[in-house]
Amino acid sequence: MNAAGVRMVVTRARSRGTGASLQGGGEKAAPLRSGEAAAGRKSYGPVKRQRKARRLSVAYEASEGEKGEGPERLQAPSWEPQDWRRQLDNIRTMRSGKDAPVDQLGAEHCFDPSASPKVRRYQVLLSLMLSSQTKDQVTAGAMQRLRARGLTVDSILQMDDSTLGALIYPVGFWRSKVKYIKQTSEILQQRYSGDIPASVAELVALPGVGPKMAHLAMAVAWGTVSGIAVDTHVHRIANRLRWTKKATRSPEDTRRALEEWLPRELWREINGLLVGFGQQTCLPVHPRCQACLNRALCPAARGL
């Protein structure tokens, strides 16, 4: 905004109290602090109106030709990682084959497509609960065994714990997951008529359901992008590429950091893209940096 297009509006608050309005704008003056208010209530008898301003308020208004651009033009651009668009394009190229385990065995592939929408949503949630600390191949096998028994809220509640445990073994922490699945299924039957909640807050309140599962459930089961689903792969890769202002210690910290700058239209894509990249190239141990298109752009790969 240039000097010619700016009109400085200066208003001197009058001594008649805190209700004086700004000239030209009709806005209310800022409330006085407690000490000022107390001083304003003192009475010393009739005196001449004071011309000296108690406070000085300054407002800037755009000229007619600049209206519509608003104050956003004055704001500094938000932080974003260096070269992130090039890095993302390279990852898309490396993932173009869609041949990682997540592409064939992820949560969106584990439910019965012939089941009712309510049952499909329940199966999506259960597959996500089973997937924690578990490879996609193992999760998919457990889901196949459960579906062969008729995977519904009622069938799970009628199943004894030992049978459920045998069906989901060897998923990670399978004993705890037996307990969580039973508890969650009972809550869904009692409070949601066998369906799953349609909000992140209600989903994470269920036993055994974390933020990553909740955001994926919203995307896969309800078709709603509620946030970025961050698992260990996304957490690791985001830190290696320095897609966060500073190193993050947990997936939830990484989610918040990514959501501050990553365009919302990419939130749904980023999980599957980075998970598959982490399964095939950016491995937890001995990453395949020599075969990565981002080797020259990745801070973690420099010097290798």
Side-chain angles (χ1 to χ4, degrees), residues 81 83-115 117 120-121 123-147 171-172 211-241 243 251 254-255 258-259 262-298 300-301:
D83 297 323
W84 74 270
R85 292 188 183 275
R86 292 172 60 194
Q87 293 167 340
L88 183 61
D89 286 342
N90 286 337
I91 293 173
R92 285 196 182 108
T93 300
M94 290 183 281
R95 291 279 289 114
S96 60
K98 297 290 183 181
D99 51 0
V102 69
D103 298 315
Q104 310 298 326
L105 306 171
E108 62 269 31
H109 303 288
C110 287
F111 61 83
D112 180 2
S114 64
R120 291 201 300 266
R121 289 190 288 267
Q123 292 181 359
V124 166
L125 181 61
L126 252 62
S127 72
L128 291 169
M129 294 176 69
L130 293 173
S131 69
S132 176
Q133 302 294 314
T134 305
K135 292 184 176 180
D136 288 333
Q137 298 91 324
V138 177
T139 300
M143 285 296 295
Q144 285 182 342
R145 293 189 292 273
L146 288 171
R147 284 171 51 188
V171 300
K212 180 209 77 171
M213 303 177 204
H215 289 300
L216 278 176
M218 291 297 296
V220 178
W222 291 110
T224 300
V225 178
S226 56
I228 299 174
V230 177
D231 66 352
T232 56
H233 293 292
V234 179
H235 172 62
R236 176 178 72 255
I237 295 167
N239 277 275
R240 284 179 175 174
L241 292 175
W243 280 8
T254 301
R255 179 189 66 80
L258 289 175
E259 289 179 0
L262 188 68
R264 192 178 181 90
E265 61 267 20
L266 300 176
W267 288 12
R268 186 186 187 104
E269 174 193 20
I270 204 69
N271 175 266
L273 198 63
L274 295 189
V275 169
F277 180 57
Q279 290 175 336
Q280 294 181 310
T281 305
C282 199
L283 306 175
V285 181
H286 305 304
R288 297 167 182 166
C289 297
Q290 297 291 345
C292 181
L293 298 179
N294 280 327
R295 185 187 175 193
L297 299 173
C298 177

Taking every heavy atom of L293 against every heavy atom of M94, the minimum-distance pair comes out as N-SD, 3.4 Å
Is any side-chain heavy atom of T254 closer than 4.5 Å to one of N239?
yes
Hey, is the main chain of K98 close enough, under 3.5 Å, to the side chain of Q104 for a donor-acceptor pair?
yes
Using only atom types and a distance under 3.5 Å, with no angle test, would you say the side chain of R268 pairs donor to acceptor with the backbone of A219?
yes
Ignoring hydrogens and angles, tell me if any N or O in the side chain of S132 forms a donor-acceptor pair with the backbone of M129 under 3.5 Å.
no
Please give me the minimum heavy-atom distance between G276 and A100, naming the atom from each residue.
CA-CB, 3.7 Å
Is any side-chain heavy atom of V124 less than 4.5 Å from a side-chain heavy atom of R121?
no
Which heavy atom in R236 sits nearest to a heavy atom in C282, and how many Å separate them?
NH2-O, 2.8 Å
Looking only at atom types and distance, does a side-chain atom of R147 sit under 3.5 Å from a main-chain N or O of C110, one as donor and one as acceptor?
yes
Keeping the roles fixed (side chain from Q87, backbone from L297), state whether a donor-acceptor pair exists under 3.5 Å.
yes
Show the nearest heavy-atom pair for residues L128 and A107, with the distance to one decimal.
CD2-CB, 3.5 Å
Determine yes or no for a side-chain-to-main-chain donor-acceptor pair under 3.5 angstrom, with W267 supplying the side chain and L262 the backbone.
yes
Do the non-hydrogen side-chain atoms of N271 and H215 ever get within less than 4.5 Å of each other?
no
Would R86 and D89 pass as an ion pair if we require N to O under 4.0 Å?
no
From R240 CZ over to H235 NE2, what is the distance, rounded to the nearest 0.5 angstrom?
10.5 Å
Just by modelled atom types, is the D103 backbone N or O under 3.5 Å from a matching donor or acceptor in the H109 side chain?
yes
Which atom of P113 lies closest to which atom of R120, heavy atoms considered:
O-NH1, 3.6 Å
Looking at R255 and I228, would you say the former's side chain and the latter's main chain have a donor-acceptor pair under 3.5 Å?
no
Test L266 against E269 for side-chain contact (heavy atoms from CB on, under 4.5 Å), laying out the working first.
CA-CA 5 Å; L266 300 176; E269 174 193 20; 3.6 Å; yes
Minimal non-hydrogen separation, A140 against L105, with atom names
CB-CD2, 3.8 Å
Between CG of N90 and CZ of R92, what distance do you get to the nearest 0.5 Å?
10.5 Å
Enter the distance from S96:OG to I91:CD1 here, rounded to the nearest 0.5 Å.
12.5 Å
Does a side-chain heavy-atom distance below 4.5 Å link L258 with V234?
yes
When rounded to the nearest 0.5 Å, the distance separating CG of L88 from CD1 of I270 is 5.0 Å
Could you measure the distance from the CD atom of Q280 to the CG atom of D99? Nearest 0.5 Å is fine.
4.5 Å
At what distance, to the nearest 0.5 angstrom, does OG1 of T281 lie from CG of N294?
10.0 Å
For R95 and L274, indicate whether the former's side chain and the latter's backbone hold a donor-acceptor pair under 3.5 Å.
no
Would you check if S131 and K212 make a side-chain contact, meaning some heavy-atom pair closer than 4.5 Å?
yes
